[in-house]
Structure formats: structure tokens, C-alpha cells
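Structure record follows, encoded as C-alpha cells.
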Number of protein chains: 2
Amino acid sequence: MLKNDSSPIWERPERQPRPVPVPLSREVVVQAAIALADAEGLSSVTLRKVAGALGAGPMRLYGYIATKEELFVLMVDAIYAEMLEGEDATGAWRARIARLAGHLRSAALRHPWFAALLGGRPQQGPNALAFTEAMLSAVAEAPGIDDIDTVFLATKVIGAYVVGAVCDEAADAAATRESGQTKAQWQDANWPYIQRVIATGRFPMLSKVAHQMTHPAPGTLFGRGLDRVLDGIAGTTSTSR
Amino acid sequence: MLKNDSSPIWERPERQPRPVPVPLSREVVVQAAIALADAEGLSSVTLRKVAGALGAGPMRLYGYIATKEELFVLMVDAIYAEMLEGEDATGAWRARIARLAGHLRSAALRHPWFAALLGGRPQQGPNALAFTEAMLSAVAEAPGIDDIDTVFLATKVIGAYVVGAVCDEAADAAATRESGQTKAQWQDANWPYIQRVIATGRFPMLSKVAHQMTHPAPGTLFGRGLDRVLDGIAGTTSTSR
DNA sequence: TATTGATCGATACAATGTATCGATCATCCG
DNA sequence: CGGATGATCGATACATTGTATCGATCAATA
């Protein structure tokens with residue numbers, strides 16, 4: 001009860017029961033943040049907006065995270081969890097790796113902000129570790145890759161390729177989305193610039209790429225690149241094409 | 001001259017000449033931002049602080065950039081320029097590629113914020129394009145890689161690996177720096193967590209990695225991984241080791 | 001039933017990116 | 001050479017952000 005209230009009881013408003021707060025959890029908070037990022041971009045992920053989407057005050061979130069940066073960390077790990085949903089350890093090693101890589105790629109394209117959070121902070125969340133574990137165990141089944149040092153190196157190479165390739169692809173997607181245009185519109189808007197750069201004559205190889213290359217679908221490119229990487233770690237050229 | 005000034009001339013302060021503004025340029029602004037990021041981390045790169053470091057008001061910067069995001073874009077491309085300083089197209093193709101990759105890696109370690117800016121935005125600055133051009137021309141010299149499609153795919157694979165590997169390494173460096181500790185302190189602080197994760201028994205491969213692996217220097221690992229990638233695109237296993 | 005400890009959110013605050021706009025300078029034209 | 005014009009600078013302002021503080025409320029315990 002209010003102790004020092006100068007207004008007489010007649011005018012003093014009655015205590016009204018605190019509205020029952022929506023039950024929250026770290027999971028719910030993170031999912032709300034992810035939904036916001038998916039819908040309006042990473043820069044719209046604001047403690048106020050996240051809390052607002054949950055019908056709570058901003059300070060409520062500090063019961064679940066200590067910092068906005070921690071929210072980002074949780075978001076990234078939640079996406080790793082998404083990749084592993086329904087994943088089992090079946091199939092030949094190359095197929096397993098390709099499947100895992102594909103999961104990461106499609107998750108990154110579903111959540112264009114994901115790639116932007118990948119660099120710059122270590123990935124040590126339980127789900128990120130589970131993803132690495134899955135990669136390690138798939139690699140360990142490859143013939144000729146036995147000692148743990150080789151397994152680790154191969155896994156590192158695969159992981160680095162996948163992350164790097166996905167950063168590339170997602171960057172375009174994010175820029176497109178941020179500009180509020182369609183992919184074609186965005187490419188059309190950038191093409192004149194690229195053309196002028198090429199016209200300087202200082203980029204003969206890029207010119208060849210722009211003019212003479214066939215342009216396979218991004219997914220195809222990703223897969224073929226992964227094949228090259230797997231060839232490298234297997235020390236074979238079996239699946240060249 | 002002030003037109004509607006009610007104070008009499010006797011009390012009106014004399015016009016003092018505007019202090020000659022420090023001459024600026026996009027280059028100077030970007031270098032100041034880079035210096036700030038190197039010294040105090042990316043989150044300290046503030047338009048006010050950058051301008052302050054140059055002895056100018058914040059709004060002055062808007063003569064050179066339209067947005068803070070544009071400043072970030074320029075910073076990234078400036079680092080690409082750094083990588084190419086003194087670079088020439090000499091040496092065998094594998095050596096050239098290894099040299100270029102090494103430049104990117106060392107630049108990223110010199111500027112721990114660089115990796116965080118890599119994902120999330122397309123790299124189309126003139127220096128980033130020059131870097132890609134150098135990679136393309138080196139790859140084109142590899143025997144058996146002739147048509148432009150193969151050259152592009154190989155370059156994409158190499159670039160993705162390098163970026164991904166560098167993100168990994170730089171993330172640790174950035175986290176270490178951000179925590180204000182030495183690398184050893186930071187690793188010691190994280191080790192108990194990793195140990196508890198492994199103790200769950202759900203990560204047998206990670207356990208092996210943690211306990212049985214020899215831990216080569218990061219640079220060595222980077223180089224060996226690059227060798228695997230180059231093996232893959234060359235379709236040979238020549239330099240295995 | 002009184003007390004304690006946890007939890008919620010109103011309020012507050014400093015810092016940020018950036019719009020606005022008057023004041024100042026440099027330049028050009030007569 | 002003097003006045004007009006256009007560019008450039010920075011003071012001020014504002015909405016928005018992350019987060020500290022703290023009183024008010026609830027649930028559990030003694």
C-alpha cells in the first residue's frame with residue numbers, strides 16, 4: 001500500500017490488480033526476435049519492438065538476456081537448431097555432408113540476417129556445436145580420413161567453404177531486401193555500375209565472367225563448389241563434372 | 001551580417017573569422033574510422049567520434065558519406081586496398097593464390113572488425129573487385145582450368161574458403177579483444193564451458209578433437225586447408241601432406 | 001498474517017544517427 | 001572591384017536506442 005500519499009482516500013484510485021504478465025521464456029523471446037528480423041530486417045530488432053511484440057515492457061527482457069548482443073548470439077544458435085531438425089546420421093558420407101551444407105544454406109536464405117551475424121562472434125552455442133559434431137562424424141566416415149587431425153582439418157575446410165559461400169549469397173539477398181526491390185530490380189540497378197567498372201579495362205577476367213560465363217542457378221554453383229572441396233579433402237577427382 | 005539583431009552594436013560581439021576547417025576527404029574520413037575501429041572496436045565507430053578525431057563536427061561527414069552504412073562499406077573496401085598494396089602477378093599459380101589468401105588473412109587479423117562486416121553486404125567496391133580479379137587471373141593459369149565457367153567456380157570456392165576461415169579466426173580475436181583479456185585468459189575462461197558440454201557425452205567427435213588433436217598454429221591450419229581446396233580445384237592430390 | 005524475496009514496468013538518461021537551417025565562405029559576374 | 005549566388009560548415013534539435021534505477025506488485029514462506 002502506498003504510505004505517503006497526500007491525496008485523501010476518497011480521491012485516491014483503488015489498487016487495480018497487476019495485469020497477469022504473458023509468460024515468457026528465452027525460447028519465446030528469441031523466436032520473437034527472429035520473426036522480427038525475418039520480417040523487417042536485423043536493424044528492426046530492437047529490445048522495445050521485441051518486447052512489444054510479446055506484450056511486455058522492454059526491461060522485461062533483461063530477465064532472459066543481459067545484453068542485446070546476447071540476444072543476437074541466441075538467435076544465431078536457434079537457426080543452427082533449425083538446421084538440425086529431423087536430421088539423422090544416415091547416408092553415405094558425401095551425401096550427409098551435402099545435406100548438412102544444404103541445410104545451412106537454405107536456413108541462411110530463409111533468414112537473410114543470419115550471415116551478417118556469423119562473422120565477428122565465435123560460434124560456440126550448443127546447436128552450433130551439434131552442427132559441427134554432425135559434420136565431424138560425417139567426415140570421419142570418409143575413406144582414408146582416419147586420424148582426428150585430418151578429420152578436423154577436413155571439417156574446417158568444409159565449414160569455411162559453406163560459411164563463405166553462404167555469406168556471399170545472403171549478402172545479395174539482404175541488400176535486395178533492404179532496398180525494397182525485387183532481385184531483378186536490384187541487379188538491374190547495379191548493372192550500370194558494374195559495366196562502367198569493366199569498361200575501365202582494368203578487369204579483363206571480370207569482363208570475361210560478366211560476358212562469357214553461363215550463369216547457373218546459385219544452388220547449382222554451391223553444390224558444384226562443394227564437390228570440388230570434397231574432392232580436395234578426399235584426395236580424389238572421382239566426381240568431377 | 002546579422003540583420004535583425006536587437007542588441008546595440010556596442011554590445012554585439014564582433015564577427016570572428018570562421019576557424020579554417022581541416023581539409024577532409026573520403027580517404028581521410030575512412031582512415032580515421034579504421035583507426036578508431038582498430039583501437040576501440042567496431043562499436044566505437046561513431047559519426048561523432050570519427051568527426052571528433054578529425055577536429056570536425058559530426059554533420060561534416062555527410063559531405064562525404066550519406067549514411068553510416070556507407071562508411072562501413074568504404075572501410076571494408078579500404079582494407080581490400082591494403083591487401084593489394086605492392087602485390088604483383090608474379091609466381092606460380094598456387095603460390096600466387098596462397099599469397100593473396102595470406103594477405104586477406106593477415107589483414108583480417110590486423111583489423112578484427114573486418115570479418116564482422118564481410119557477411120551481410122555485397123562486396124562490389126573497386127578494391128574488392130580488384131582482389132577478385134587477381135584471384136581469377138591466378139586461377140586461370142592453373143593447368144586444366146581453361147573455360148571461364150571453371151575458372152569462376154574455382155575462384156568462388158577459394159574465396160569462400162578464405163572468407164569462411166578468416167571469419168572463424170577473427171571471431172575469436174574479436175571476442176578476446178572485446179573482453180579486454182589476453183587470448184590465453186579468454187580461452188581459459190571458456191574452457192570450463194566447453195568441458196561441461198563435452199561431458200554430456202553427446203559430442204564424441206568434439207571430445208576427440210579437444211583431447212586427442214595436435215593443435216597446429218592457426219596459420220599452419222589455414223595453409224593446409226587452402227592446400228586441400230587447391231587440390232580439389234586442380235583435380236590432383238599432388239601436394240598432400 | 002506479516003515478511004521476505006523475486007519480478008515487473010515506469011521513469012530516466014546518456015548516446016546515437018540524422019534533418020534542418022542559419023551563418024559563413026568562395027566564386028563568379030557585372 | 002563590389003554584390004549576388006551557390007556551396008559548405010556546424011549549432012541545434014529530435015526521435016530512437018540500450019540500459020540503470022527503483023518503487024510497486026506478486027508469490028512464497030515463516
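In the text below, chain A, chain B and the rest are named by the order of the sequence lines, each starting its count at 1.
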- prompt: Quick one: B/Met59 CE to D/dA7 P, roughly how many Å, whole number?
  reply: 18 Å

- line: Considering only heavy side-chain atoms of A/Lys49, the closest of D/dT17, D/dT19, C/dC8 is D/dT17

- prompt: Can you check the B/Arg48 CZ to C/dA19 P distance for me, whole Å?
  reply: 13 Å

- line: Here the distance between atom C1' of C/dG17 and atom CG of B/Leu42, to the nearest Å, is 15 Å

message: Are A/Phe222 and A/Tyr161 an aromatic pair, judged by ring center distance below 6.0 Å?
response: yes

message: Nearest whole Å is fine: how far is D/dT8 P from B/Leu61 CG?
response: 15 Å

Atom-to-atom span, OH of B/Tyr62 to P of D/dC9 - whole angstrom: 15 Å

task: Specify the separation, in whole Å, of atom CG of A/Leu47 and atom C1' of C/dT16.
output: 15 Å

- prompt: Between A/Gly164 and B/Val163, which heavy-atom pair has the shortest distance, and what is it?
  reply: CA-CG1, 4.3 Å

- request: Figure out the CZ/C1' separation between B/Phe72 and C/dT16, and round it to whole Å.
  value: 12 Å

message: Nearest whole Å is fine: how far is C/dT16 C1' from B/Leu71 CG?
response: 14 Å

query: For the rings on B/Phe72 and B/Phe114, is their centre-to-centre separation under 6.0 Å?
result: no

- prompt: Of A/Lys68 and B/Pro58, whose nearest nucleotide on DNA chain D comes first from the 5' end?
  reply: B/Pro58

query: Parallel under 30°, tilted from 30 to 60°, perpendicular over 60°: which one fits the rings of A/Trp191 and A/His211?
result: perpendicular

